[in-house]
Novice: 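Please see the structure below; I have some questions.
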Amino acid sequence: MTVHLHWFLPTGGDGRTLVDRHAYTDGGITRSRVTPVSGVRAPDIEYLAQIAKAAEQLGFEAVLTPTGTWCEDAWLTTVALAQHTERLKFLVAFRPGVISPVLAAQMAATYQRITRGRLLLNVVTGGDSTEQRRCGDHLDHDRRYARTDEFLSVVRGVWSGRPYDFEGEHYRIDGGLTALPPDPLPEIFFGGSSAAAGPVAARHSDVYLTWGEPPAQVRRKIDWIRGLAEAEGRTVRFGIRLHTISRDSSAEAWATAARLLDDLDPNTVAAAQEALGRSESVGQQRMLALHNGSRDDLEISPNLWAGVGLVRGGAGTALVGSHAEVADRIEEYHALGIEHFVLSGYPHLEEAYWFGEGVLPDLAARGLLPRIPASPLTGVPAANGRPASAPGGAPLLVAGGR
């Protein structure tokens with residue numbers, strides 16, 4: 001069983017810091033308690049296209065595009081980026097409660113035809129009521145998952161190509177139809193750590209996606225979802241969402257992590273932790289419990305660093321170390337049953353190259369990747385001390401990423 005490696009599109013902005021591009025107080029409307037962020041890169045289509053092209057060239061299979069108030073719309077952004085790439089798939093995150101499931105099914109079908117089958121779907125039920133209410137959604141946490149259950153039943157039903165009827169608490173569909181079903185059907189990625197989320201994942205997900213917890217916790221979560229899926233007569237595959245800081249040596253990687261931590265002043269961390277602490281998401285609360293808002297003892301497992309979660313919601317851990325050490329950790333998670341690794345790093349363009357030129361060859365040598373695409377510039381001599389394959393700000397790596 002080989003691994004599937006995916007990168008991330010920062011459609012809310014990018015930069016050389018962990019501080020999100022938006023603030024945390026007042027739901028992110030004001031910036032009164034957050035230190036101004038420097039070195040920010042706007043998420044314009046030109047910059048996102050650089051990241052998408054780099055991901056494709058380096059050998060990533062897909063890129064995750066997030067959803068939320070502070071992001072560009074994932075559907076529109078990625079279908080535009082599909083015109084700048086050839087093979088790269090797009091893992092499009094969306095919230096099921098804000099559009100009709102029949103419309104979502106039709107959008108996915110159209111997307112597959114436009115991109116020739118490059119769509120993956122990441123269903124985000126939502127764990128922040130403030131964010132949900134911005135979209136007119138006033139259901140509580142558990143009822144949102146009940147609605148997602150119905151939503152995905154309808155989506156799969158209308159993808160059959162035949163009129164589909166459904167009557168539930170949240171949807172009544174009479175003769176729902178996707179006249180031209182998507183081909184292939186997009187795989188559905190789904191996450192959730194609550195008791196309400198697990199059965200929905202078991203019934204509908206192709207890939208259950210968890211945030212980067214220590215291996216023992218990930219193993220227990222896999223066992224939980226696998227058991228629920230077996231009771232439904234289904235098989236679910238597993239993925240993990242992590243950041244990466246991979247360098248030629250472990251010391252270099254940890255020095256980079258320390259610099260990112262040094263950028264965070266106490267007021268910024270306090271504001272972030274206060275806001276994140278109000279989240280209804282069980283997964284978010286599990287992320288917060290890994291560090292409890294403290295800068296001490298952030299290496300919570302070998303090469304697993306919880307510093308990102310001091311200020312960032314959602315995925316809050318990073319794999320930090322030499323290329324070989326990061327590959328070791330990926331191999332360790334893979335041995336638990338993780339197939340899909342959805343990765344990111346700050347800034348996303350440079351970190352794609354650090355990982356792609358450093359870790360991917362190591363994983364391929366271990367037999368965990370089917371192949372690494374040959375760079376079109378292999379053999380082209382370096383200019384001004386930088387490989388011709390690297391963008392202007394990308395790191396210099398020697399052959400093989402060592």
Side-chain angles (χ1 to χ4, degrees), residues 8 10-43 66 68-71 127-128 130-131 211-214 241-247 250-279 281 283-321 326 343-352 354-355 393 395:
F8 185 83
T11 57
D14 200 8
R16 299 182 301 278
T17 174
L18 295 178
V19 180
D20 277 357
R21 266 28 70 186
H22 59 81
Y24 286 95
T25 51
D26 299 329
I29 304 303
T30 70
R31 301 182 59 82
S32 59
R33 289 183 57 195
V34 178
T35 301
V37 180
S38 61
V40 172
R41 302 174 189 177
T69 299
W70 314 109
C71 308
D128 183 344
T130 300
E131 174 78 0
W211 287 329
E213 298 178 1
R241 174 79 179 89
L242 289 158
H243 305 280
T244 67
I245 304 174
S246 175
R247 295 294 185 270
S250 183
E252 290 177 82
W254 284 109
T256 300
R259 180 191 62 76
L260 291 171
L261 196 62
D262 289 343
D263 285 345
L264 306 179
D265 65 77
N267 286 338
T268 296
V269 174
Q273 291 298 296
E274 179 184 329
L276 295 172
R278 294 193 295 268
S279 173
S281 166
Q284 182 63 70
Q285 297 308 315
R286 290 168 69 109
M287 284 284 101
L288 295 177
L290 295 177
H291 54 69
N292 292 314
S294 172
R295 297 170 183 253
D296 301 327
D297 302 320
L298 287 172
E299 189 178 4
I300 56 175
S301 184
N303 304 107
L304 185 64
W305 184 63
V308 181
L310 290 174
V311 291
R312 186 194 190 282
T317 54
L319 298 179
V320 180
V326 171
L343 308 171
S344 56
Y346 297 90
H348 289 77
L349 182 59
E350 285 91 324
E351 288 298 332
W354 277 117
F355 186 93

Novice: Counting only heavy atoms from other residues, nucleotides and ligands, does the tally under 6.0 Å from CG of Asp262 exceed 12?
Specialist: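 Counting other residues, nucleotides and ligands, CG of Asp262 exceeds 12 neighbours.
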Novice: Nearest 0.5 Å, please: how far is OG1 in Thr317 from NE2 in His291?
Specialist: 9.5 Å
Novice: Might you point out which heavy atoms bring Leu288 and Gly309 nearest each other, and give the distance in Å?
Specialist: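 Where Leu288 meets Gly309 most closely, the heavy atoms are CD2-O, 4.3 Å.
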Novice: Thinking salt bridges, do Arg247 and Glu351 make one under a 4.0 Å N-O criterion?
Specialist: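 Salt bridge between Arg247 and Glu351, a charged N being under 4.0 Å from a carboxylate O: yes.
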Novice: Show the nearest heavy-atom pair for residues Val320 and Ala257, with the distance to one decimal.
Specialist: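 Taking Val320 first and Ala257 second, the nearest heavy atoms are CG1-CB, 4.4 Å.
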Novice: Between His243 and Val308, is there a donor-acceptor pair closer than 3.5 Å when you use the side chain of the first and the backbone of the second?
Specialist: no
Novice: What is the minimum heavy-atom distance between Gly293 and Val269, and which atoms define it?
Specialist: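 Where Gly293 meets Val269 most closely, the heavy atoms are O-CG1, 4.4 Å.
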Novice: Restricting to side chain to side chain contact (heavy atoms under 4.5 Å, CB included), what partner residues turn up for Pro214, sequence neighbours left out?
Specialist: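 With sequence neighbours excluded, Pro214 shows a side chain to side chain contact (heavy atoms under 4.5 Å, CB included) to Gln217, Leu290, Ile300, Ser301, Leu304, given in chain and number order.
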Novice: Measure the spacing between CZ of Phe355 and OG of Ser246 and express it to the nearest 0.5 Å.
Specialist: 7.0 Å
Novice: So, for Pro10 and Pro43, which heavy atoms are closest and what is the spacing to 0.1 Å?
Specialist: O-CB, 3.6 Å
Novice: Using the test side-chain hydrogen bond (donor to acceptor under 3.5 Å, both in side chains), find all partners of Thr244 that sit at least two apart in sequence or belong to another chain.
Specialist: none
Novice: Suppose we screen for side chain to side chain contact (heavy atoms under 4.5 Å, CB included). Which residues come up paired with Glu299, at least two apart in sequence or across chains?
Specialist: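 Glu299 satisfies side chain to side chain contact (heavy atoms under 4.5 Å, CB included) with Trp254 once adjacent residues are dropped.
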Novice: If you compare all heavy atoms of Thr11 against all heavy atoms of Cys71, which two are closest, and at what distance to 0.1 Å?
Specialist: OG1-CB, 3.4 Å
Novice: Salt bridge (Lys or Arg N to Asp or Glu O under 4.0 Å) with Arg259: which residues, sequence neighbours excluded?
Specialist: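 Checked Arg259 against salt bridge (Lys or Arg N to Asp or Glu O under 4.0 Å); matches are Asp263.
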Novice: Heavy atoms, side chains only, cut-off 4.5 Å: are Leu276 and Met287 in contact?
Specialist: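 Not in contact.
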Novice: Sub-3.5 Å donor-acceptor pair from the side chain of Gln273 to the main-chain atoms of Leu310, do we have one?
Specialist: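 Side chain of Gln273 to backbone of Leu310: a pair is present.
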Novice: Taking the side chain as every heavy atom from C-beta outward, state whether Trp354 and Thr256 have any pair of such atoms under 4.5 Å apart.
Specialist: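 Contact flag for Trp354/Thr256 side chains = no.
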Novice: Can you tell me how far the CG atom of Leu18 sits from the OG1 atom of Thr268, to the nearest 0.5 Å?
Specialist: 11.0 Å
Novice: Taking Asp265 for the side chain and Asn267 for the main chain, is one N or O donor matched with an acceptor at less than 3.5 Å?
Specialist: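 Such a contact is found between Asp265 side chain and Asn267 backbone.
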Novice: Suppose we screen for side chain to side chain contact (heavy atoms under 4.5 Å, CB included). Which residues come up paired with Thr69, at least two apart in sequence or across chains?
Specialist: Glu131, Arg134
Novice: By ring-ring contact (aromatic ring centres under 6.0 Å, His included), which residues pair with His348, not counting sequence neighbours?
Specialist: Phe8, Tyr346
